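Start at 1 with the first residue, then count along the sequence. Just so you know, these numbers come straight off a predicted model, no measurement behind them. Values below: all heavy atoms of this structure, side chains included; hydrogens, waters and symmetry mates excluded.
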Amino acid sequence: MHKHLLLLMLLSFAPGLFCVAQTTDLQDNIRIRLELDQPDVPLNVRQNELFAKGEIHQFYSNRLFSPAWIERGVLTELAYELRFEIMQSKFDGLNPEDYHLNLINVFFTQFEYNKKQQVSNDLDDLADLDLLLSDAFFRLAANLEIGKVNPQSLAGDWEIKAKEAKISYNELLKIAGERKQIRQTLETLYPNMAIYKKGREVIRALDEIRKQDTLNWKAVKVSKTIKVGETHGGIPNLRERLAFWKFLEPYPFEDEKQYDSTMFLAVQKFQQRNGLEPDGALGKNTINTLNQSPSALIDKASVNMERLRWLPDTLRSAEMILVNIANYQLDYLNNRDTLFSTRVIVGKKYHESPIFSSAMSYIVFSPYWNLPTSIVRNEVMPAVRKNPNYLTQKNMEVVTFSGKPVDPLTVNWSGKSIPYMVRQKPGEHNSLGLVKFMFPNEHSVYIHDTPARSLFKREDRALSHGCIRIQDPVTFAGLLLRNDKSWTLDKINSAMHQNQEKIVNLDRKIPVVLLYLTFWADSRGQGHFRQDIYDRDEEVLAALRK
């Protein structure tokens with residue numbers, strides 16, 4: 001009787017004992033794998049190299065090698081949530097395949113089949129999948145926090161330091177496991193700005209549009225601007241695209257190749273929406289924008305989501321100045337509110353405005369323009385040799401490097417260089433205008449006024465040698481000096497019209513960030529796309545998709 005009772009009790013506990021045994025076996029499997037791992041050899045799972053070898057070792061050692069994603073021999077809800085977030089990483093502009101998605105899906109499919117067949121999952125498969133999921137979490141976390149691409153590896157003048165991780169991904173995964181929250185945990189790694197999450201939603205919406213896309217997006221090319229009444233072979237495609245993006249309803253037309261007045265109104269709306277001059281003319285920029293398919297826009301957005309991940313913590317400051325070079329715009333923000341926006345002119349191709357951050361510390365009213373040595377050598381010296389009155393006509397003077405005047409008649413203009421400095425005196429025609437705003441940096445780039453006011457009306461404003469020319473310097477100066485009530489607009493205007501420059505130190509240092517964003521999402525979740533004026537998107541996209 002007692003023997004039968006003992007047997008029944010053992011049988012009733014057998015499933016639990018089996019699960020405990022299987023869990024112990026899985027711990028041993030993971031432990032042995034990691035103990036056999038060689039320091040100089042990549043850690044692999046089914047020919048997939050693991051990204052976070054160090055984190056993997058530390059994470060499993062801390063938990064005595066117990067699995068993180070598997071309980072009682074089956075996948076947990078947390079495992080399914082991580083796989084979902086891996087798939088969702090495409091809305092961050094990342095590549096889900098970077099996180100072992102294909103192999104993870106193979107395992108999930110096999111385990112789900114085994115469940116239906118009431119077959120236990122293979123111990124090696126369980127260990128492989130647990131390691132893969134942990135590695136995927138670590139790599140995704142790193143890419144979300146600091147970006148996938150190292151900006152310092154890129155060509156061009158990107159003075160952006162690669163960010164360093166500020167948190168322990170081991171600790172992050174531990175917290176995610178304890179709270180049973182993958183998404184919320186990963187979201188803590190997003191850039192600390194609303195436009196990032198809004199950008200994800202724009203990419204999500206474009207992805208849905210892409211699924212329904214049946215248009216031919218072969219690039220329409222033009223040799224000259226198309227105006228109303230003119231015909232062109234690309235008009236049917238352009239008309240289709242305007243309708244696709246909801247700027248145009250279907251309508252009857254006499255000649256499908258003619259650019260008619262109905263289409264003209266739609267083009268104006270399209271231009272307005274895309275930051276183009278709404279003149280209704282089908283020029284190069286408008287055509288290029290209309291050539292962008294949903295897939296191309298997703299790529300552009302992805303590149304800029306990565307750029308947002310590169311941004312320094314400076315952007316958390318209460319007060320800052322942002323210059324988006326690709327949008328030709330300066331924004332002055334205080335407590336996350338945009339108090340002032342104005343058009344700017346930026347560096348032209350081959351004189352590109354650099355990407356960097358610094359701190360604005362002073363303003364120079366009625367500035368001298370100290371001409372760069374290259375301009376003196378290549379432009380001024382040949383001009384003086386041809387016209388001895390050139391300096392007078394340009395309101396320029398020759399001075400020593402300590403600022404003492406030099407008689408230009410004593411200067412040897414026929415050599416390769418001169419041992420002096422040439423500067424343009426303050427005045428209405430000074431190339432720097434009437435004021436400059438200084439944030440010291442190694443590029444000698446600053447924000448300044450300009451006498452060429454008409455250039456701000458142009459759609460393409462990549463026209464300078466690298467510095468940022470500002471359309472409304474008076475309002476900008478007033479905002480920067482607003483803490484000192486003595487600096488009225490009248491006083492600012494007076495300071496801008498002196499014969500000698502006047503330096504005014506600010507009472508605080510204001511972060512200045514020069515950005516290059518060809519896509520961003522506004523607070524309403526509306527996506528904005530701009531021309532890649534320096535051809536920088538392609539290199540970042542290639543690195544992202546690699």
Side-chain angles (χ1 to χ4, degrees), residues 90-91 198-304 326-329 343 456-461 518-533 535 537-538 541:
K90 65 181 179 179
F91 303 132
K198 297 293 185 183
R200 292 184 91 250
E201 295 310 310
V202 171
I203 296 178
R204 187 189 301 274
L206 283 170
D207 191 54
E208 290 302 313
I209 293 171
R210 179 190 58 78
K211 293 174 185 176
Q212 312 300 322
D213 179 20
T214 59
L215 295 191
N216 172 13
W217 291 93
K218 183 178 179 180
V220 173
K221 298 180 180 179
V222 293
S223 56
K224 64 182 185 67
T225 298
I226 305 170
K227 297 182 179 178
V228 174
E230 296 178 347
T231 58
H232 188 278
I235 293 296
N237 278 337
L238 298 177
R239 186 182 286 115
E240 262 191 335
R241 293 168 192 178
L242 287 165
F244 178 84
W245 293 117
K246 312 295 185 189
F247 290 97
L248 186 64
E249 295 291 334
Y251 69 97
F253 43 80
E254 294 182 4
D255 182 352
E256 69 170 2
K257 294 183 179 181
Q258 185 182 58
Y259 182 27
D260 56 45
S261 58
T262 302
M263 190 173 165
F264 171 84
L265 295 174
V267 169
Q268 282 188 309
K269 293 176 185 176
F270 178 83
Q271 290 171 327
Q272 185 80 43
R273 176 68 190 78
N274 286 277
L276 302 165
E277 195 64 37
D279 56 10
L282 288 168
K284 179 187 69 173
N285 288 344
T286 300
I287 295 291
N288 286 345
T289 307
L290 278 166
N291 281 336
Q292 300 295 302
S293 68
S295 293
L297 293 180
I298 289 171
D299 284 344
K300 184 184 281 278
S302 298
V303 165
N304 289 279
N327 191 37
Y328 307 120
Q329 181 166 307
R343 290 186 169 198
F456 289 106
K457 297 177 182 178
R458 293 180 55 167
E459 185 173 277
D460 289 316
R461 296 195 296 279
T518 55
F519 159 82
W520 71 94
D522 61 28
S523 58
R524 296 170 297 173
Q526 188 74 59
H528 298 267
F529 295 87
R530 294 295 182 264
Q531 300 291 321
D532 180 16
I533 60 175
D535 297 327
D537 285 359
E538 187 175 344
L541 181 64

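The list of side chain to side chain donor-acceptor pair (under 3.5 Å) pairs with a residue in residues 243-257, not counting sequence neighbours, reads R239-Y251, Y251-D260.
With D537 contributing its side chain and D532 its backbone, the two residues share no donor-acceptor pair below 3.5 Å. Panel note: side chain D213, backbone I209; no donor-acceptor pair is recorded below 3.5 Å. Using modelled atom types, one side-chain atom of Q268 and one backbone atom of P278 make a donor-acceptor pair closer than 3.5 Å.
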Can you give the donor-acceptor pairs under 3.5 Å from side chains of residues 279-291 to other protein atoms, not counting sequence neighbours?
residue : atom : partner : partner atom : Å
D279    : OD1  : Q271    : NE2          : 3.2
D279    : OD1  : A281    : N            : 3.0
N285    : ND2  : E459    : OE2          : 2.9
N285    : ND2  : D460    : OD1          : 2.9
N285    : ND2  : D460    : OD2          : 3.3
T286    : OG1  : Q271    : NE2          : 3.0
N288    : ND2  : K284    : O            : 3.4
T289    : OG1  : N285    : O            : 2.8
T289    : OG1  : Q531    : NE2          : 2.8
N291    : OD1  : V220    : N            : 2.9
N291    : OD1  : R241    : NH1          : 2.8
N291    : ND2  : V220    : O            : 3.1
N291    : ND2  : I287    : O            : 3.3

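Note that CG of L215 is 5.5 Å distant from CZ of F244, once rounded to the nearest 0.5 Å. Put simply, CG on D299 and CG on L541 are 4.5 Å apart, with the number rounded to the nearest 0.5 Å. The structure places OG of S302 at 4.5 Å from CD1 of I203, a figure rounded to the nearest 0.5 Å.
Across every non-hydrogen atom of P236 and G233, the tightest pair is CD-O, 3.4 Å. Nearest heavy atom pair, residue F519 against residue G527, reads CE1-CA, 4.0 Å. Of all the heavy atoms in T518 and A326, the pair that sits closest is CG2-CB, 3.9 Å. Nearest heavy atom pair, residue A521 against residue G199, reads CB-N, 3.6 Å.
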Given K300 and F529, is the side-chain contact (heavy atoms from CB on, under 4.5 Å) satisfied, shown in steps?
CA-CA 8 Å; K300 184 184 281 278; F529 295 87; 3.4 Å; yes
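By the 4.0 Å N-to-carboxylate-O rule, D207 lies close enough to R210 to be salt-bridged with it. In this structure, E201 pairs ionically with R204, as a charged nitrogen and a carboxylate oxygen lie closer than 4.0 Å.
Between W520 and H528, the ring-plane angle classifies as parallel under the 30° and 60° cut-offs. Note: F247 and F270 have perpendicular aromatic rings, judged against thresholds of 30 and 60 degrees for the angle between ring planes.
Between L248 and V267 there is no side-chain heavy-atom pair separated by less than 4.5 Å. M263 is listed as a side-chain neighbour of L242, based on a closest heavy-atom distance under 4.5 Å.
Residues forming a side-chain contact (heavy atoms from CB on, under 4.5 Å) with E538 (at least two apart in sequence, or on another chain): none.
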